[in-house]
Amino acid sequence: MKNILPIAFSILIIFVSCSDNKLRINEQMETFSAFPHIDTLRFTPMEGEILDEPEEIMIHNDHLIINTLCRAKDKFLWIYSLKNESVINRLIDYGDGPNEMKACEMMLQDTTLCLYDRTKKKVWYLSANDCLDTTPSFIKKDLNVSYYDMELMDDSVVIGTNDMSSKFKLHFVNLKTGAIKNQGEYASFDKELPMSAMIDASSCYVDINPKTKDIVLSYRYTDVIEIYDANGTLKKALQGPDNYDVDFVINSNQTMGKTPQTRKAYVNSFATENYIYLLYSGCYRKDKNWSNGMRLFVFSWDGEPVREYVLEVPVYAFGIDEKQNKMYSFSLITENLIVTDLK
């Protein structure tokens, strides 16, 4: 990724008051206050039943691959047939065993499906076509560290974010050799504050353009995105439309603590070769929908605001099918799969 970042884009600025801390991802970035187009999306319920809340939704051929929060502690993945309008397979048992996961994050690039267990520090991957099998065979790799978020660049390299012991934003991990290339150093930390709290306050999601391999980071506690090329050169940093910095305190265990003024920015993400789709909360810590989103922001890969969608219901997981011009999601009110046409 990055070899040398422009100083203006790499410095973390910390403002400390007597009660809480303010963190800006960088000092000099472009800002905006509104999207050029705003539309409302109204969803239609889908047939079929998902008995656990989805965390991620991917589209592969005429199937939805749904990764759930697995609160029932049974199986993580639900394979939903759009043709049959029903769940046709379930995969990945919850547990401590060698063929089980304790946590699951899902990535899909081309036809390769990759699963990441942050708790066990393991990566599994296979052809997405094999998800229809009842007992698919996975290639499994061990990691040395745990990352907040992860994305698949190709069948041998993943990118992790926010290693809590590292002053780098991004970590290129070669699954075949185990080699790690750290890029995007946080150029300046407040030495009076614990590094783990600073990194937690700077935590972000990572997504990759499936064609160009450009990289986007979308931050959890400030409405900032950063776009890098495949080699790690920063192309653009953008803040908006609400333009606020991270507000936090230090907990007694040296981790990030939320204040009444802490806001949740991006809560989930999805990227295609054409656009970046980011689900936005904007809520304060005590607000009901802190962890969910009712606004979907669309950006170009040049970092230009394209469109804001206002959602009629709060959602968390979503997937975009640009070929069919549809958005799939899960209603947190009626607890069923929902779909809408994108305008």
Side-chain angles (χ1 to χ4, degrees), residues 1-2 5 8-15 20-33 35 105 147-151 159-164 166-171 183-190 193 195-208 214-228 232 234-248 255-259 261-271 276-285 287 290-293 295-299 301 303-305 308 316:
M1 258 187 88
K2 288 180 286 192
L5 273 177
F9 284 102
S10 61
I11 295 178
L12 281 168
I13 306 297
I14 311 300
F15 300 92
D20 60 355
N21 307 302
K22 297 284 188 181
L23 181 151
R24 297 197 71 192
I25 297 305
N26 56 61
E27 186 180 13
Q28 294 185 6
M29 54 189 161
E30 295 183 30
T31 62
F32 74 104
S33 59
F35 285 83
E105 181 180 327
Y147 303 103
Y148 176 74
D149 195 28
M150 182 175 287
E151 186 55 271
I159 299 178
T161 68
N162 308 117
D163 172 3
M164 299 301 285
S166 172
K167 292 185 177 181
F168 291 87
K169 295 180 182 180
L170 292 170
H171 315 275
Q183 299 287 355
E185 186 175 5
Y186 296 117
S188 176
F189 278 126
D190 186 324
L193 300 177
M195 185 172 74
S196 59
M198 297 291 297
I199 294 174
D200 191 8
S202 306
S203 59
C204 57
Y205 300 100
V206 57
D207 290 275
I208 295 177
D214 283 359
I215 301 161
V216 59
L217 300 182
S218 50
Y219 286 83
R220 298 173 67 211
Y221 301 112
T222 175
D223 53 346
V224 171
I225 67 170
E226 294 175 324
I227 299 175
Y228 302 83
L234 186 66
K235 298 173 66 175
K236 188 168 186 177
L238 180 69
Q239 184 173 35
D242 294 334
N243 295 286
Y244 54 90
D245 300 324
V246 186
D247 190 292
F248 69 106
T255 59
M256 173 195 175
K258 283 79 171 179
T259 77
Q261 298 305 312
T262 304
R263 296 179 69 177
K264 182 66 74 70
Y266 297 114
V267 297
N268 220 328
S269 60
F270 195 97
I276 300 161
Y277 298 85
L278 301 177
L279 186 63
Y280 182 76
S281 168
C283 291
Y284 291 94
R285 183 67 182 91
D287 291 343
W290 156 267
S291 297
N292 307 310
R295 299 162 71 187
L296 182 70
F297 294 167
V298 185
F299 297 91
W301 279 98
E304 296 299 322
E308 174 183 344
Y316 179 69

Using the six-membered ring wherever Trp is involved, compare the ring planes of F35 and F297 and label them parallel, tilted or perpendicular (cut-offs 30° and 60°). tilted
Angle between ring planes, Y280 versus Y244, binned at 30° and 60°: parallel, tilted or perpendicular? tilted
Report yes if some heavy atom in the side chain of [X] is under 4.5 Å from a heavy atom in the side chain of [Y]; otherwise report no.
| X | Y | result |
| --- | --- | --- |
| L238 | P305 | yes |
| F168 | D163 | no |
| L23 | T222 | no |
| F248 | K258 | no |
| K236 | F299 | no |

For a side chain to side chain contact (heavy atoms under 4.5 Å, CB included) with S269, tell me which candidate from D207, I276, I225 qualifies. D207
V206 and side chain to side chain contact (heavy atoms under 4.5 Å, CB included): which partner among V216, T161, N162? T161
What distance separates [X] [atom1] from [Y] [atom2], expressed to the nearest 0.5 Å?
| X | Y | atom1 | atom2 | answer |
| --- | --- | --- | --- | --- |
| M150 | H171 | CE | NE2 | 10.0 Å |
| L170 | I215 | CG | CD1 | 6.0 Å |
| D287 | N292 | CG | CG | 11.5 Å |
| N243 | M29 | CG | CE | 8.0 Å |
| K167 | M195 | NZ | CE | 6.5 Å |
| S166 | Y147 | OG | OH | 8.0 Å |

State whether the side chain of [X] and the backbone N or O of [Y] hold a donor-acceptor pair below 3.5 Å, judged by distance alone.
| X | Y | result |
| --- | --- | --- |
| D223 | Q239 | no |
| T262 | D247 | yes |
| Y205 | V267 | yes |
| S281 | W290 | yes |
| N268 | Y316 | yes |
| D200 | M198 | no |

Where do M256 and V246 land on the side chain to side chain contact (heavy atoms under 4.5 Å, CB included) test, with the steps shown first? CA-CA 11 Å; M256 173 195 175; V246 186; 4.2 Å; yes
Go through the steps to decide whether Y221 and K264 satisfy the test side chain to side chain contact (heavy atoms under 4.5 Å, CB included), and finish with yes or no. CA-CA 5 Å; Y221 301 112; K264 182 66 74 70; 3.7 Å; yes
Should R220 and D149 count as an ion pair when the cut-off is N to O under 4.0 Å? no
Assess whether side chain to side chain donor-acceptor pair (under 3.5 Å) is satisfied between E226 and Y219, documenting all intermediate values. CA-CA 9 Å; E226 294 175 324; Y219 286 83; 2.7 Å; yes
For W301 and I208, which heavy atoms make the closest approach, and how far apart are they? CH2-C, 4.0 Å
Contact summary for Y266 and S218, nearest pair of heavy atoms: CD1-CB, 3.8 Å
